[in-house]
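A, B, ... follow the sequence lines: proteins, then strands. Residue 1 opens every chain.
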Amino acid sequence: MKKIEAIIKPFKLEDVKEALGSINVTGMTVSEVKGYGRQQGHSELYRGAEYVVDFLPKIKLEAIIADENVDSVIAKITEAAKTGKIGDGKIFVTNVERVVRIRTGEENEDAI
Amino acid sequence: MKKIEAIIKPFKLEDVKEALGSINVTGMTVSEVKGYGRQQGHSELYRGAEYVVDFLPKIKLEAIIADENVDSVIAKITEAAKTGKIGDGKIFVTNVERVVRIRTGEENEDAI
Amino acid sequence: MKKIEAIIKPFKLEDVKEALGSINVTGMTVSEVKGYGRQQGHSELYRGAEYVVDFLPKIKLEAIIADENVDSVIAKITEAAKTGKIGDGKIFVTNVERVVRIRTGEENEDAI
Amino acid sequence: MDTLTLPYVIDTFFLLFASVLIILMVPGFAMLEAGLVRTKNVVAVLTGNVMLYAITSFIFLLWGFNVMFGGNGFFLSGVVADGYSLYAYFFFQMAFVGKTVSIMSGGVSERIRIIPFMIFAALMSGFIYPMVGNAIWGGGFLKEVHDLAGSTVIYSVGGWALLAGILVLGARRGRYGKEGQVRAIPASNIPLVTLGGMLLWIGWFGFNGGSAFHIATKDAADLVGLIIVNTNTAGLAGAISAAFIVYFQYKKLDITMILNGALGGLVAITAGADVVGLWEPIVIGAIGGVLVVFAIPMFDKLQIDDPVGALSVHLVNGVWGTIAVALFADFSLLTQLKGIVLTGLFTFPLSYVLFMIIKKAVGLRSDEEHEYVGLDLEECGLEGYPEFVKSKV
Amino acid sequence: MDTLTLPYVIDTFFLLFASVLIILMVPGFAMLEAGLVRTKNVVAVLTGNVMLYAITSFIFLLWGFNVMFGGNGFFLSGVVADGYSLYAYFFFQMAFVGKTVSIMSGGVSERIRIIPFMIFAALMSGFIYPMVGNAIWGGGFLKEVHDLAGSTVIYSVGGWALLAGILVLGARRGRYGKEGQVRAIPASNIPLVTLGGMLLWIGWFGFNGGSAFHIATKDAADLVGLIIVNTNTAGLAGAISAAFIVYFQYKKLDITMILNGALGGLVAITAGADVVGLWEPIVIGAIGGVLVVFAIPMFDKLQIDDPVGALSVHLVNGVWGTIAVALFADFSLLTQLKGIVLTGLFTFPLSYVLFMIIKKAVGLRSDEEHEYVGLDLEECGLEGYPEFVKSKV
Amino acid sequence: MDTLTLPYVIDTFFLLFASVLIILMVPGFAMLEAGLVRTKNVVAVLTGNVMLYAITSFIFLLWGFNVMFGGNGFFLSGVVADGYSLYAYFFFQMAFVGKTVSIMSGGVSERIRIIPFMIFAALMSGFIYPMVGNAIWGGGFLKEVHDLAGSTVIYSVGGWALLAGILVLGARRGRYGKEGQVRAIPASNIPLVTLGGMLLWIGWFGFNGGSAFHIATKDAADLVGLIIVNTNTAGLAGAISAAFIVYFQYKKLDITMILNGALGGLVAITAGADVVGLWEPIVIGAIGGVLVVFAIPMFDKLQIDDPVGALSVHLVNGVWGTIAVALFADFSLLTQLKGIVLTGLFTFPLSYVLFMIIKKAVGLRSDEEHEYVGLDLEECGLEGYPEFVKSKV
Ligand SMILES: Nc1ncnc2c1ncn2[C@@H]1O[C@H](COP(=O)(O)OP(=O)(O)O)[C@@H](O)[C@H]1O
Ligand SMILES: Nc1ncnc2c1ncn2[C@@H]1O[C@H](COP(=O)(O)OP(=O)(O)O)[C@@H](O)[C@H]1O
Ligand SMILES: Nc1ncnc2c1ncn2[C@@H]1O[C@H](COP(=O)(O)OP(=O)(O)O)[C@@H](O)[C@H]1O
């Protein structure tokens, strides 16, 4: 099994969720993160002093999937999350050795 | 070393923490996340329009542990986090190649 | 490629960011987490009842980097995040199999 | 001692007291609306509320008051106060003017740019409102219409202008799906909404009570007492009826609906609190609450996107309250309807045209990206609840 | 001009002013309590506070006022006002009635369902409170008890009913460990708590000051001035004494304790602010603050779970304040004690039985799962600070 | 009926009304400042605001009032009230005293420890303020200075003491970079800031209006009306001018600047609202708003770290407002300057020395670690918005 971590723009979450649903990936966990990268932070103003906000709000989406789905999942996420503008985010793939469903104790592919 | 990631129901955190403490796992990092899965989101009402909340609040617990503890940790988490109802969550195991304790520079098992 | 996860004290984030910038690591994702470890939680008071706060605020910093940079990145983070007091945090290294830049579809080292 | 001046003194004091209550509605609207929009648009709403109070009051001081009450120039010159201090009279009237725009600011929120909206606010307080006000309250050709404190003059004027504004602006992006389905966009901060709603409720005692203008005779004191009790009763009835209906429909006590119900009741009683007895406000307010609960989804069905429910509260109930005067007291229905219709015919097209002109001239709506990111950063340079990973320390 | 009516006018105006201040306590309690509960129960608390104001006031308008002040039917008929407008008199009394339930709503929060609680609120405002009020203030058989603005009539009545409610409901799940250890459940929003506490403090000037009913003679004006100064002094003293003790015990300045100390002082002075001099409120208030700091952990030891400290503030200090009248002014201790005891003996068992009946009939407490998830979603369908990953846009 | 006492009654009522508005400034300052600091210091700021109200008022009751107005001992003894209740007079004056310290508490926030600051608050209300107040308002040697409600007596006194406090304390860690660059530290809660700002604005009507002391003649009523209108006008003008400049400089409508501009205008009109006509407050207030926008970065350039902008609002405009009296009305510029300079020469060095003594004796500033973690946990034992992973349930 693989873990897909995608850092995306917050307003793209719903689109990505639907895109993944269309290929039957219906389990995922998301969190609010802040990202730092090529996308220039904007400068904000606070009572007369300008300052740069380096870290921009992003959503991190994590989904554990079966090995054979990696390509299709990456394709779907890329398609749905893309705006073409800098800061669209990244996808990272790592290996997962074991998965357990707490409710039933099922393991691995059955537990996804 | 392995990283154990457990997605659990928020009100189970304290129980899981204690369960892990009982087998001397006393380091962990937790964060607030939102989960999407089989557990149906509830529908909320907002000024006359109903809408579905797909993403439910969960806690993500991460603990790096020695290889030999994987089974006991999984067993303890499963036991403590289980309510038997849908949405209890998942445990994912991944491999960790190196660990460093920032304060001392100690590495790997010494650093956990 | 490797994923570096560092759990650090919140007020050290800016120093760590600058330290990484100095070796040209300019992409990273951070999130607010709570940590439990050797550092004793402090006891708070709430209307006449004392209670222990076990989980202390930390920042989790994740950066995907090329294999050859692991040592220098660890060195920089350790240096910048260290206060020498308990609770300085940990660094974890895991393997990343694939990286995709959503905007361009570039993969792996090109996408970091 | 000259006791002859005491009624002058007491009425002046009373008007100042009422004015202060009305000005409490400024933070009232600001908190209500800031709580009802998404976090990313909170500062824009707050800034709009503060600035519109400043701008509308300022213009009213410069010439609006003068236009409305038949003065002869600028500032207060030539306006006559009837048995109380002219300053107190001005202050009381000035406290009103911003309300017509306050009620709009929630309805156009989350997409309107602040400066173009302030231009409209200036036009509203410098022209539209003083002209309607002059017709009904300033002794003009609608002076037969009974509208104690402004169900029509304030609330439906603001409501018509808001409707025009929403039509020109369009809905928030993503609010209505491709097949016309309505997507709820939840509020960001319910305690603020509740605080704002209660401050408005309390401000209304000054709003309606002060509109008696006099308290310094036994009859006047009784009348003020009656008005305030009736105002409160209609608010209670609106809250309770909205709660009943919303619970009946959805099995949930949606506090945003309940508060809007209360405000609907308060708007509805504003025209006639002085000419009805103690039980009529129960009916008037309860119907007000019901109207709100049904009007909110109706506007959504028409894809008229009103983030805070202001049309349902202020426009619908402004009309209802003005009609209710004829139903529950001895006033001509025809006259009341004439007031309603002519006000609408004057305000709506004029506002529509003005909004169109502003749109062409300087633009009205924030661009797509800023709408996603939130207006706060673009318009105000700050966020409502900033912090986290922001600065080194 | 008829100057003879001016005292009538001034007293009417004064009562309206005082009433408005008291109604500021509605958002006051709402903010205080919403800030003290956990985020997941914030909306339920807010909804309860708004609805209880609506329901109790409404019932008081329909018949409660009539029962309490010896009228002859419904609404205001047959009640006689003494030298001021009957409407203002009603409005002032109506502003009081909700308080008896407001003080309960924090104490039963985080587990009580809203609708059963509203049933109790209706019974409180329609029966329990008017009957106690009639006995003490309406010229009934406890009329010798000196209780200016309701240390007993309002605060201990609410307190006894709250105690009954808490006993019937039980503690929040997880509040007390298996071995009886107390687990702190921290508040969610301290700025709201502070805002609410200060609004209550300010409302109290109307609460106690208005209870003089007259201001329109030199003596009356002095008395009102004295009452308001004394009210404030007791609040100050309660805050300072609570701060001292809490700092002495824990080396921390716990603001929730300090504000509760201030409120304790305010409750304590409510019975006798008119019959003591300038220094006695210092003692009365300081003792009030101390009582709060010690009573809160005491109730916890008894496993009586009161999320906001309402029993310590209102019940304990309601009793203390009523006794203090006899200690610091020339009133019979016996009479005061009689008032305290009879009120308790009437209110506590009656409330207990009513809560039990409601529990059997419709259920009182939210089920386990909803208590974990929070009452907001189940009861109100919304969250206090919604947002994040909620809707597409 | 004795109508001769009615002016006494009306003036007493009026002073009580004004006092209540002023006390609304307590939550006003608390919300403004709590919103402007970082989340980790919110509770410390709230606790400071509540405690300073308690302590300063208490000391003023015990002897401060007596010192200031030439009494003969403690409490109110020997002070003479001129045609209204002595209690109301005391209450009104007591409502003022805390303000001198409230305006400081934002400026020294995020690093000062609460208890040492309370020691200073006690000294301020027991000595510094009563002595300056006595010189100008109590018939002392500066009684020629025209300062209606305290541009100098309240705001610049508080401002000088704040400047001394900031110099003794030093800047927040990390505020200024090694090469002197200024690092912005954003606010935590803008809705609270707005609420606080508007409560202050409304409180100011009582602050300045009440400073007429009398309303019970036709002339007095007109004067009070004029003062309140002028106060409001200066606030409007300050908000608008600050908005213009801030938009012109940065193309953003920074609400914290706009609100500070409004407060600057309000401070500036406080000395002379009673002696100017209707248009002068526009100029005075607009200049006040401009001064704020330029003074804030100026203090930063001097590395005088004032988290909320209090020096720019209160000290700078306190001085400007006192000068403006001479520019726009018929008063001696020399006398006004004498008042300004002597007040500064008295307050600043004395405060500096007192802060130094407190620093040596008990320490003034929180240590480095607590400053990073936030003062809330160390000083108060709680956090502003606690929750999350805190307790089992
Ligand atoms: N090396 C990295 N490690 C972890 N996260 C990264 C890395 N590089 C980028 N990110 C994340 O991806 C987001 C987008 O990256 P950015 O460089 O701004 O634009 P783009 O996605 O167009 O290359 C960043 O905000 C950050 O959250
Ligand atoms: N494939 C997955 N990848 C990542 N997280 C998942 C996945 N499936 C489920 N989760 C997480 O686990 C939680 C519980 O899953 P769910 O399917 O609702 O119930 P159950 O745990 O009983 O199978 C989800 O809310 C989500 O956070
Ligand atoms: N085994 C672990 N797994 C995951 N996170 C850990 C682990 N041990 C510690 N941490 C994280 O590192 C932080 C610091 O650890 P702690 O033991 O308090 O001090 P130190 O870093 O000095 O060893 C913890 O707050 C927690 O977030």
Side-chain angles (χ1 to χ4, degrees), chain D residues 1-3 5-6 8-13 15-17 19-20 23-24 26-27 30-31 34-35 42-44 46-47 49-51 53-55 57-58 61 75-76 84-91 94 114-115 189 192 195 376 378-388 390-393, chain F residues 3-4 6-7 10 13-14 17 21 38-39 172-175 183-191 193-195 197-199 201-202 205-206 209 215-218 220-222 224-226 228-229 232-233 235-237 239-240 243 247 250-256 258-259 262 278-279 282 372:
Chain D
M1 197 207 66
D2 179 10
T3 60
T5 72
L6 286 184
Y8 181 96
V9 165
I10 294 172
D11 283 342
T12 298
F13 182 8
L15 280 182
L16 292 172
F17 164 68
S19 308
V20 167
I23 296 175
L24 259 187
V26 177
M31 296 301 115
V42 162
V43 179
L46 293 169
T47 310
N49 270 283
V50 172
M51 286 310 296
Y53 172 65
I55 290 171
S57 303
F58 191 60
L61 171 67
F75 289 91
L76 281 49
Y84 32 72
S85 166
L86 179 61
Y87 299 117
Y89 183 46
F90 164 73
F91 195 55
M94 182 212 79
I114 298 173
I115 290 177
N189 193 323
L192 281 191
L195 176 64
D376 288 1
E378 177 59 18
E379 298 271 302
C380 307
L382 7 120
E383 295 167 86
Y385 312 92
E387 219 149 305
F388 179 42
K390 191 69 34 99
S391 56
K392 177 163 181 152
V393 189
Chain F
T3 59
L4 289 178
L6 286 185
I10 294 171
F13 181 7
F14 170 64
F17 164 68
L21 290 185
R38 285 166 291 177
T39 301
R172 289 168 292 170
R173 267 173 249 274
R175 176 77 166 107
R183 296 217 193 82
I185 299 183
S188 59
N189 193 322
I190 303 298
V193 175
T194 310
L195 175 65
M198 289 307 310
L199 289 180
W201 192 323
I202 291 168
F205 300 140
I215 194 174
T217 65
K218 188 167 183 310
D222 284 338
V224 170
L226 176 70
I228 290 179
V229 169
N232 192 53
T233 300
L236 304 172
I240 294 174
Y247 188 78
Y250 309 103
K251 299 280 163 277
K252 306 272 172 189
L253 291 166
D254 178 342
I255 179 83
T256 68
I258 295 170
L259 288 168
L278 288 166
W279 66 264
I282 300 176
Y372 278 130

> What distance do F:Tyr247 atom OH and D:Cys380 atom SG have between them, rounded to the nearest 0.5 Å?
Replying inline: 11.0 Å

>> Quick check: closest heavy atoms across D:Glu378 and F:Lys252, and the distance to 0.1 Å?
In response: O-NZ, 3.0 Å

>> Within the 4.5 Å heavy-atom criterion, are D:Tyr8 and F:Thr217 side-chain neighbours or not?
In response: no

>> So for F:Phe14, is it side chain, backbone, both, or neither that comes closer than 4.5 Å to the heavy atoms of chain D?
In response: both

> In terms of heavy-atom proximity below 4.5 Å to chain D, should F:Phe13 be classed as side chain, backbone, both, or neither?
Replying inline: both

>> Can you tell me which portion of D:Tyr84 sits under 4.5 Å from chain F's heavy atoms? Options are side chain, backbone, both or neither.
In response: neither

> Side chain, backbone, both or neither: which part of F:Leu226 has a non-hydrogen atom closer than 4.5 Å to chain D?
Replying inline: both

> Which bit of D:Thr12 is near chain F, if near means a heavy-atom gap under 4.5 Å: side chain, backbone, both or neither?
Replying inline: side chain

>> D:Ser19: which residues meet the side chain to side chain contact (heavy atoms under 4.5 Å, CB included) condition with it, sequence neighbours left out?
In response: D:Phe91, D:Phe92

> Heavy atoms, side chains only, cut-off 4.5 Å: are F:Leu278 and D:Tyr87 in contact?
Replying inline: yes

> Who among F:Ile282, F:Leu199, F:Thr256 has the most heavy-atom pairs with chain D under 4.5 Å?
Replying inline: F:Ile282

>> Is the shortest side-chain heavy-atom distance between F:Pro191 and D:Leu46 below 4.5 Å?
In response: yes

> Are any non-hydrogen side-chain atoms of F:Ile10 and D:Val9 less than 4.5 angstrom apart?
Replying inline: yes

>> If I take atom CG from residue D:Leu16 and atom CD1 from residue F:Ile215, how far apart are they, to the nearest 0.5 angstrom?
In response: 5.5 Å

> CD1 of F:Ile240 to CD1 of D:Ile55: how many Å apart, nearest 0.5 Å?
Replying inline: 5.5 Å

> Just wondering, do F:Ile190 and D:Val42 contact through their side chains at under 4.5 Å, heavy atoms?
Replying inline: no

> Using a cut-off of under 4.5 Å for heavy-atom pairs, which of D:Ile115, D:Ile114, D:Leu192 has the most such pairs with chain F?
Replying inline: D:Ile115

> Out of D:Leu24, D:Leu195, D:Asn49, which one racks up the most heavy-atom pairs below 4.5 Å with chain F?
Replying inline: D:Leu24

>> Need one label for D:Ile23: side chain, backbone, both or neither, based on atoms under 4.5 Å from any heavy atom in chain F.
In response: both

> D:Leu61 versus chain F, heavy atoms under 4.5 Å apart: side chain, backbone, both or neither?
Replying inline: side chain

>> Using every non-hydrogen atom in the two residues, find where F:Ala216 and D:Leu6 come nearest and quote the distance to one decimal.
In response: O-CD2, 3.8 Å

>> Within this structure, what is the NZ-CD distance for the pair F:Lys251 and D:Glu379, rounded to the nearest 0.5 Å?
In response: 13.0 Å

> Within a strict 4.5 Å, meaning less than it, do heavy atoms of the F:Val229 and D:Met94 side chains meet?
Replying inline: no

> At a heavy-atom separation under 4.5 Å, does D:Tyr53 approach chain F through its side chain, its backbone, both, or neither?
Replying inline: both

> Which region of F:Trp201, side chain (C-beta onward) or backbone (N, CA, C, O), has a non-hydrogen atom less than 4.5 Å from a non-hydrogen atom of chain D, or is it both or neither?
Replying inline: side chain

> Would a 4.5 Å heavy-atom cut-off, applied to side chains only, mark F:Ile255 and D:Met51 as touching?
Replying inline: no

> From F:Leu236 CG over to D:Ser57 OG, what is the distance, rounded to the nearest 0.5 angstrom?
Replying inline: 5.0 Å

